[in-house]
Structures are given as C-alpha cells and as structure tokens.
*Asks:* 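Next up is a structure, given as structure tokens.
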Amino acid sequence: MLYIFCPHCGSRSQNEFAYGGDATVKRPELNKEISDQEWNNFVYLRKSPRGKHLELWHHISGCRQWIKVERDTSTHEIFKTYKAEELTE
Amino acid sequence: MSQDFRLDNIGMVNRNKKISFTFNGKKYFGYEGDTIASALIANGVHLVGRSFKYHRPRGFFGVGVDEPYAILQLERNNERDPNIRATEQEIFDGLEVKSVNCWPSVNFDIGAINNFLRMFFPAGFYYKTFMWPPSFWYKIYEPFIRMAAGFGEASIKHDKERYEHKYEYCDLLITGSGPSGLASAYAAAKNGARVILAEDKPRYGGSLLTSDVNIGNQTGTEWSEKIITELKSMSNVIVKNRSQVFGYYDHNMLVMSERISDHLPKTQKYLPKQRLWYIRAKEVLISSGSIERPLVFGNNDTPGVMLSSAAKEYMKVYGVLVGKKPLIFTNNDSGYETAIEFKKNGVNPLILDTRKEPSSDIITEAKNLGIEIKYSYVVVAAKGYKKVKSADIAKISENKKDLSNIENIECDCICVSGFWTPSIHLASQSGNKSEFNEKIDAFVPKKSKQKENTIGSANGKFTLEETINEAFDKGYEVSNKITENNNKVSIPTVVEKKSSEHDKFWCVPLPKGKSYKRFLDFQNDVAVTDIELALREGFRSIEHVKRYTTLGMATDQGKTSNLNGLQLVSDIENKVVPQVGHTTFRPPYTPVSIGAIVGREVGKHSKPTRKSPMHEWHKKNNAVFVDAGVWLRPRYYKQGNETLFEASKREAKNVRKNVGVCDVTTLGKIDVKGPDAAEFLNRVYTNAWLKLPVGKARYGVMLREDGIVMDDGTTTRISENHYHMTTTTAQAANVLSHLEYYLQLVWPELNVNVVSTTEQWAGAAIAGPNSRALLMKLFPNTNVSNEDLPFMGYKEADLFGIPAKIYRISFSGELAYEVNVESDYGNFMWEKIIEVGKEFQIQPYGTEALSTLRIEMGHVAGSELDGRTIPHDASLEGLVSKKKDFIGKRSLSRSAFTKPDREKIVGVVPLDKKTSIPEGSYIVKDPKAKLPNPKLGHVSASCWSVEYDNPFSLAIIKDGKNMIGQKLFAMSPLKNKTIPVEIVSSHYVDPEGKRVRA
Ligand SMILES: [Zn+2]
C-alpha cells in the first residue's frame, strides 16, 4: 500500500485516496471549435508509461483536495507531490 | 503415564501442567508449551500424514515454519481448520487434530498405490497424463485429483471466529528475535526509537535457545531473557510473539499475522483468534535467521529423516528425543552440535561427515566426548517404510562420484545438515535483488531497495560474534538516523566455539543398479529425476522448471527445497547457481488464514450501514428495508399479511388518490456557494442556469466528458450566491468528486465552493392531490398556494417552531413537495406530517411504490441512466442547450450519438394486460427468428400501473421514436417467457404534466 504525501495533510495511506489518472491531460477550452480527433484524444487517449508518471490522486477521505503525484509506475516510487494549482504549464 | 522419548532434565515446557489432546482419535498427553510435533514425538509417534503425489508416509522434518510434512487438520466444536503445521501449533486441553491426505487411514492409505504407479506421475504429470481424452477431464481426472490432492478440507460453514486488524506506525520494525533481532532492538530502543520486535515462535531468542554460547557472561537463554524483559518494560517498544511478518509491501508497509488464541482452549468470548497488523515502518531490520538445508539421498523422505537443527531444538526446547539410535549425516559442523546434545542426554550418535579431514573446536569436543565419526561417508538410502529402521551407508570417493564399502547399519532417525540457507524472503519481497555468496552457497540480500537492512544469519553471518556486533551497530545506526540521540550502548563480549568450513557436496549419487527416489521438494514430492526430466524436455528458465515440476510451489514455498533445486539445475547444466538465478519470492512468507485477511469486515460489517433519522419510526411501523447503496430504506410498510406486491400497490394508489409521504433523506445534497456558482452550474449541467431566479428550483442533467449521462436532480437557488443541489442516492459521492475535480483542476478561476450536506438535512416527500391541503395545516403561517409556491418554487417556513425548507418538486408526477429540516429534527417532522396528515388519509410509502409512481410517469432513474445512455436515449434532449458549452457537449455530436435510429426510451404494455414483463427482457420483432435473434433493446424497469391496473414497463429500444404503436415481443430467455407487447409513450400517466402544476 502506497504512502502518499498530501501537500495539505502530510503522509497518509493510499486507502484515503482515490486515483484520478493522468495529470497532464488538459481539457480543451469551452466554446472552442475542435476536431473529432482532438476531442477523441482528450476523452479517451491516455499514455500508459512504464516509469515516471504525473498523475492525479483525490484525497477523498482527507482534505478532499485533488493533488498531483509524480510516481514511477513500475517501482511505485513517489518522487514528489504537488497541489492542484502547481505544475499547470 | 510415561513418555518413552521425553527427557527429564532438559527443555522449557511446563512439566507441572499436563495437557491432553487427541490425534486421529487417540488420546495423548503433553506439557504446556509443547507443540503437536514435540508432544507426538515424545509419545514415539512419527507417522502423521501422507505425501501429496505418491502418498508416501510422512513424519516430521523441521521444528518451525519450514516444516514441509506435518500439516494437519485441527477440529474443534465441529469446525475445521486445515493447513495447520504440527511444528507450530501448540497443544491445549481438548485439542483434536487429524492427518490429511490419506484415506482410509494414515496407516493404510489406498492412495499409496500412486507410489507404485509413479511412472505415471513424472514432472508435468498434470499437463500430460490428464489431457486425453478431453471428455475425461470433468468426469474422471478432475474429481480424482481433487480427492487425492490438497492438505485438508476447508470448512464450508461460516467461520464464527473473531479476527481483527490493527494499524501501527514505528521507527523500526525488527522481524525475528534471534541474537541479531534482540541486539538491534535493544540498541535502537536505548537510542529512543519506537521499536516493534516480532517473533513468530512463542519463545524469544531464536538460535540462542539452542546454542552453546556465552554472551556477557550469561548463557544465550539467560541473555535473551534479560534483554526481552528489559525491552518489554520500555514504553517505546512493542514486543510480540507468535507473530509472523509475512509480507513486505510498497513504501515500507509490512503485514504481520499475530496468533492470539490459536494455542488456547476457547474460553474468552471476545478474544480474537488472530490479528493482522499493518505496520508502516520508517526502517526495517530483517533478522529472520536461516533455515538448515537438507542433504539429498535415497528415500530421504522417510519418517525419521529430519534436519539436525530440528533434532537439537526438540531436545533443548521441548526435552524430547527424536530417536535413540541417531545417525547424523552432515557436511558441516552443525551436525556435530546435534550429536553433542544427543551424547549429553545419554544417547550415542554416529556421525557421517562428507568431509575428508575437518578440524575445529566443535569436532574436537565431539571426539573428546567419545562420539563415533566416519569421515568421507554418506547415507546412500534410508530403509524402513513408515519409519527409519536402518540406513545403507558408504564411503565416498574424493571426487564425490563413487561409492564403496556399502553397508547397512541400524538407526531410528537420520539427522541431516547440508549447511544453512538465509531467509531472504522479506528482503526479496521488498525488491532487494539478492546475490549468490560462494562462501555459503546461498543467496544473500544485495542493495537495499526500500528502507530495509538484513542482519545476522539472514544476511549470511553465521558466527555469533559477527552477528552481535553487526546487530548492535545497525540498531544504533538506523535508529540514530531517526532520533539523533547519539545514545550508544556497549556491546557484550561473546564466547563461542569456532567451526570449520562446510563441504559443498549435497546430493549423494545412486549406487549402481539402484533407483531410489531422492527428494528435493518434500511437500510436492519433487525428486531429482523430475528435475532431470524437465531439463531433458527442454525447460531451461528456472521459473519454467519450477512450474513444470512444481518445485517450491507448495505451501512451504520451498523453504527447504529451493536451493537444492537450483543447485541441481546448475550441476546438470554445468552452470553456477547465479547463472541459473532464482525464482521470485512473493508474499505471504507463511500461509495466512483468509479470516485474518478479511478481519472484522464480514456480514453487516463489510460496509457501513447508513440510516435516516426516521429509521426507528419506520421500524416501529413494520417497514421492510432494502439496501440502497450504503443506506437502508423502507421498501414498503407491511400491513397484516400483505405481500410486497400488494403493499406497494396500496401505497402507490394512495399517493395517486390521497397523499403519501416518503423518506427521501438519502438523496445526495451538495451546497454550491460563491459568486461564480451560476456560471459553474451552467458548465456542469446541460441546460441553462444563468437566469434561474432566487427561490426557484430547476431540474438538471449532468454528463461525463464522453457524453454519457452521469446524474440528474433538482438544484435550487437559495440566495444570490447559494445553490442547493440534489443528486441521486447512488451517485452522491461521485458527483461531489466530479465537481471538485473541475473546480480545483480545470476551472480554478471560478470562485465557488462545494460541500456535501447530505447528512445535514432530513427530507420527506409529500405527494398526492391532498398534499397542498396537508401543507396548509403543517405551515399555517406560510402561503403555499399555487400562485405563491408554484411548481419548482422554494420557500423557507416554520414547522411548529422548527425552521424548514419547502421545495415544490415531484418525482411521483403528482402535486408534491419536499420538506427538509435539520437532521436532528427529522423524526419530529415525520411524526408531525403523519399526525397532521391523518385527516387527509396519509400513508407512508417505500421505494417500491416510489418506483411504480416514477415508472408509469416515464421519469428516468438509475436503471435508465445506466452509464450507456446519452440525454436523447432517456428523452432528455429538450434539456440540452444548443447555445452554451458544457461538460460532455462535444461528445454529443459524434456520429454514433447522432444516428437517426438511435435508441430511445418507450413504454411497453403486454397485449393481454395481465402478464408482467421481467426486467432485462429483450424487445424483438420475431420471437421465432434464427438465433442470435436481433434485439431492438431491453426492458429497463417494470411495474404494475396503479393508474390503469395493468403491467407497464419502460424500455430503451432502437429508433424508439418511430416504434410507438408497433406490436412486438418481449423475450426473457432467463425466465423462459415470450410476451406479445405494444410499444407506447414512456409518459403513460398524465403525459401533459398537469398534476404537478395543479
Ligand atoms: Zn489532504
């Protein structure tokens, strides 16, 4: 079971969190004309890298904040965690 | 009663307390502190089971977790506990154990015929013998294998025992209380670290209990007692015996299984049987010791052949002799220590040493005691079927290939020592890639992967002095990283006998013309010939050889067999062991009972039960409850002998005719607040929200980004920047996470906050033509007229002194209101509604009537919004704004979602107006069409229309819009029903929606 450092609460067990997938996906802006292909990429296409992955976790049984976690998908090593507003670019 | 094999003046069992138990129906006795194994051996019993494949007789091989043979079944109070190791289970009064894997009895076992048919059970027999003809598999092979295989029979009854879970945090977890565990725990504890010391056996001390050593002028036993007593008295230390750390998981989380009352007769009701500890440790010291390796020779699985260290422990800890004519077969000095112990207890052993001319302190001591030693000698084969009676021994040539001077000598046990294998399992589970140490012919941990260090003999350190020094240093070093106390304790002096180097020889060649089975894996009956066969058949990877032969795949995980297996493969392949590599160690290190893993999360405890504040009233009024998500909701209120069908019909009818009240507390409620709340809702919902006035509610639908409907509900504008959102009971938690996601990550510029208020409000839906009249009496000071409180209106009011909120919304399709009060007043509100409603013929109604009412109105719910439907499918397209953008909008223009014959919701009525249509039925054009019959759609919900007194269903079918009026068929292959039906509008009752606006 992972031990995740929540930037708001401190280190907590994985069972307080819900997984939220790739944190680098950017939702297309509202009211913007975009192709089927672009929209399809946003809704469905995700990389599944072996190694470093920036992903979202929701501290659902804690502060209820979405956080970003840089984790190695094969070793589970967590390098760093960020608040939602960090790493926006 | 005397015990033939019990020694008088040695051992740690409590001679003052006799304990009687039964084994295979026969009564035996032992002493408090005995295991089943030690007590049976004291009584001269060595035959305890039959082997897995050939059903050969099985005795005892070890003295702890490594035991491959003595696996028994425990029975008490008609309950069974399979897979009990006799070497670990302590005896208690009334204990009943049975042999497994034998029928009809351990002495006469029909399965033993496999032994004579063993040409049919070579390596890979599962894959070969049982493959042909295919039809034989289910009828003959599988039942046969199932009957003949396995170690005991799990109980099919509910396990009434209590198991618990515990979460613990510490600076340092130490696994094993041998010399390295004790020393490091002591050093770390004295340096102020929070320490957990776990020992799998009942007694602390590990090898100190059986070795002839001296630490700080005390014997090993005295020293370990002193250290343990001091550790126990320290507030920063938790010391646990009978506790096995069996798994090393990510981020330094280890799981330990504590056997709390397995060794006690059941007396205390609330004492758990076992407790599972989840321990998050900053640092871990693995001090799990090492396990002696067997030597391999003919019939080396005969009862009476056992590890020499086990024989020594039976003497020193239990005061039990494993035999009176022992033969010691060794390639190192450990066998001598056992021989010396025999000699001290008045028994004359014979030592066969594979080495030519070894010399050391220990060997000299053995010689001085007059013990007979034969050098360059081996056991060729054990003789005797159910117990060792003699052994063929021989002189072995210098190249270890040729045998000479074969002779038969009498003996009643053969104690073997093939040197030691470090228990690196936990280090390996942590991710530590081990390396092969040529000096000890075994793998040791390499570089730490997580925050773990391996010490003592688990790290290949076999002298006490090395171990103690390393452990004190490590205990200080890792604790000081955390505490920085710099408090170092002095290391005691150690006196031990020096030993000589071991011999790499481990497998005795077969004499000419003999084909003795030489076993490597004792639990799965894997012999030398099986490995040879697997390699001849082309298996090369050690992982494949393992699976093909089942080497090391038994419940003991090959604790005594892995290394010999690897050695054999590398010998045959002319490689060295590190080139062959080793298989992966995975948790658990020892078997863990399913009950311990499940813990207290059984039955009603497997998830929380949420009850509304009106729950007690419902109970008193004969409510029959149903699980709705995590909530318990009244399904119907039973009157007399009513069935569910009758009661729900009565309740629904009363809503249509008079007035009913339904507990809607379980609906999800979310407060949405902030200056940008309207803009946010406008993006979340498909319809327009910017112009909703204060004091008005609106029905809304929200989508996922893929265009699928996520949830629906009404949201009310309480004040300028404050909205009260409702969700379905099932989706409440998901919707909140969904909103938080967009606010925190996608549109952080919106100044909005959301918070769940589900539990803050108790809700009652008052529905039916009499509802306004009732409301006027409930709220005499509030104007609830149609003009002042129209459909989708909202008012704050006073309910007999209690502040209440009235929402004029309707799920039933009738004139209806939802009244909310703070949860603590929920029951008060409910009782007032019932009391005041009497004159209007009010009746409470449950979820079943609620369903009926919404189905005949064509209102969609979870069975239609099932994660596959877009707004169009549920006839909600009128709520989809064309002007503004919202979550999921772009998906709705994808081609599959805009097909002209897209599925749509319709109503379905049976032509005979009598036959109810099972939910899940297919709608088809021709019931006799060739299979697979093309299906138009499925029936999502069914009810008995109380308005028309006939069955009515909702279905989502292809091109639903143009199917109205068609005669089709509903087919339920599951219920074997085909019902002719007519497709009608989904709005079966009051299609213009006049009633809700009345
Ligand atoms: Zn948090």
Side-chain angles (χ1 to χ4, degrees), chain A residues 1-5 8 10-44 55-61 63-69 71-78 82-88, chain B residues 165 167 169 247-255 278-282 430-431 449-451 679-680 682-684 703-708 733-734 736-750 753-756 883-898:
Chain A
M1 203 193 300
L2 308 185
Y3 204 39
I4 302 172
F5 179 80
H8 309 282
S11 291
R12 302 296 180 93
S13 260
Q14 182 185 339
N15 50 10
E16 291 187 11
F17 295 84
Y19 183 66
D22 190 346
T24 62
V25 175
K26 272 193 99 73
R27 191 193 191 279
E29 277 171 48
L30 288 167
N31 301 309
K32 197 180 153 201
E33 286 275 323
I34 58 169
S35 67
D36 275 356
Q37 191 56 52
E38 273 177 273
W39 183 254
N40 184 67
N41 291 352
F42 156 66
V43 176
Y44 296 108
E55 56 202 14
L56 294 170
W57 287 80
H58 191 192
H59 197 185
I60 204 153
S61 303
C63 62
R64 293 212 60 98
Q65 295 298 301
W66 287 85
I67 62 169
K68 293 171 183 171
V69 176
R71 182 181 68 106
D72 188 305
T73 56
S74 68
T75 65
H76 294 311
E77 185 178 352
I78 291 176
Y82 306 86
K83 294 179 181 173
E85 63 264 31
E86 295 178 290
L87 294 185
T88 42
Chain B
H165 285 183
Y167 293 82
Y169 295 81
Y248 199 134
Y249 299 91
D250 293 310
H251 297 184
N252 257 36
M253 196 188 74
L254 292 95
V255 185
Y278 293 90
I279 302 172
R280 187 80 67 175
K282 286 189 187 143
S430 141
K449 183 72 189 176
Q450 300 196 37
K451 299 260 184 209
E679 173 62 25
F680 181 54
N682 210 42
R683 296 177 186 186
V684 166
L703 308 185
R704 314 190 306 219
E705 292 286 17
D706 63 1
I708 301 291
N734 291 344
L736 184 64
S737 290
H738 177 76
L739 300 181
E740 286 165 337
Y741 173 87
Y742 283 94
L743 285 174
Q744 294 170 25
L745 290 157
V746 185
W747 302 312
E749 67 277 9
L750 293 183
N753 259 305
V754 289
V755 67
S756 165
K883 290 186 197 130
K884 56 142 196 174
D885 200 359
F886 53 84
I887 294 167
K889 183 177 191 184
R890 181 63 183 77
S891 289
L892 296 180
S893 56
R894 295 188 311 155
S895 57
F897 287 174
T898 50

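Sequence lines set the chain letters: A, B, ... in the order given, protein chains first and strands last, and positions in each chain run from 1.
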*Asks:* Any chance you could measure A:Phe5, atom CZ, to B:His251, atom NE2, to the nearest 0.5 Å?
*Replies:*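 Reported value, rounded in 0.5 Å steps: 14.0 Å.
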*Asks:* Measuring from B:Tyr278:OH to A:Asn15:CG, what's the distance to the nearest 0.5 Å?
*Replies:* 9.0 Å
*Asks:* Starting at CZ of A:Arg64, measure out to CG of B:Leu736 and round the result to the nearest 0.5 Å.
*Replies:* 4.0 Å
*Asks:* If you tally heavy-atom pairs under 4.5 Å against chain A, which of B:Pro748, B:Ala733, B:Gly431, B:Ser891 wins?
*Replies:*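 The option with the most such pairs is B:Ser891.
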*Asks:* Please give me the minimum heavy-atom distance between A:Asn31 and B:Asp885, naming the atom from each residue.
*Replies:*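 Heavy atoms of A:Asn31 and B:Asp885 come nearest at N-OD2, 2.7 Å.
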*Asks:* Looking at A:Gln14, A:Gln65, A:Lys32, A:Glu85, which has the largest count of heavy-atom pairs under 4.5 Å with chain B?
*Replies:* A:Gln65
*Asks:* Checking A:Leu30 against chain B: side chain, backbone, both or neither under 4.5 Å from a heavy atom?
*Replies:* both
*Asks:* Roughly how far apart are A:Ser13 OG and B:Met253 CE, rounded to 0.5 Å?
*Replies:*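 So the gap between those two atoms works out to 7.0 Å.
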*Asks:* At a heavy-atom separation under 4.5 Å, does A:His76 approach chain B through its side chain, its backbone, both, or neither?
*Replies:*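 Contact with chain B: backbone and side chain both.
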*Asks:* Identify which part of A:Ile34 has an atom lying under 4.5 Å from any heavy atom of chain B, answering side chain, backbone, both or neither.
*Replies:*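 Both parts, backbone and side chain.
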*Asks:* Can you tell which of B:Tyr167, B:Tyr249, B:Trp747 has the highest number of heavy-atom pairs within less than 4.5 Å of chain A?
*Replies:*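 Highest number of heavy-atom pairs under 4.5 Å: B:Trp747.
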*Asks:* Which answer fits A:Lys83, side chain, backbone, both or neither, if we ask what part of it has an atom under 4.5 Å from a heavy atom of chain B?
*Replies:*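 Contact with chain B is absent: no heavy atom of A:Lys83 under 4.5 Å.
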*Asks:* side-chain contact (heavy atoms from CB on, under 4.5 Å) with B:Asn753: which residues, sequence neighbours excluded?
*Replies:* none
*Asks:* Does any heavy atom of chain B fall under 4.5 Å from the side chain of A:Glu77, the backbone, both, or neither of them?
*Replies:*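 Backbone only.
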*Asks:* Might you confirm whether atom CD of A:Glu29 has over 12 heavy atoms from other residues, nucleotides or ligands at distances under 6.0 Å?
*Replies:* no
*Asks:* Checking A:Trp66 against chain B: side chain, backbone, both or neither under 4.5 Å from a heavy atom?
*Replies:* both
*Asks:* Just so I understand: if I count every heavy-atom pair under 4.5 Å between each of B:Lys884, B:Arg894, B:Arg704, B:Glu705 and chain A, which residue has the most?
*Replies:* B:Glu705
*Asks:* Any side-chain heavy-atom pair from B:Arg890 and A:Asp36 closer than 4.5 angstrom?
*Replies:*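 SC-SC contact between B:Arg890 and A:Asp36 confirmed.
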*Asks:* Let me confirm one number: the NZ-CG distance from A:Lys68 to B:Leu745, rounded to the nearest 0.5 Å.
*Replies:* 6.0 Å
*Asks:* Which pair of non-hydrogen atoms, one from B:Gly888 and one from A:Arg27, has the smallest distance, and what is that distance?
*Replies:*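 Reported closest heavy-atom pair: N-NH2, 4.0 Å.
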*Asks:* Can you tell which of A:Ile4, A:Ile60, A:Ile78, A:Asn40 has the highest number of heavy-atom pairs within less than 4.5 Å of chain B?
*Replies:* A:Ile78
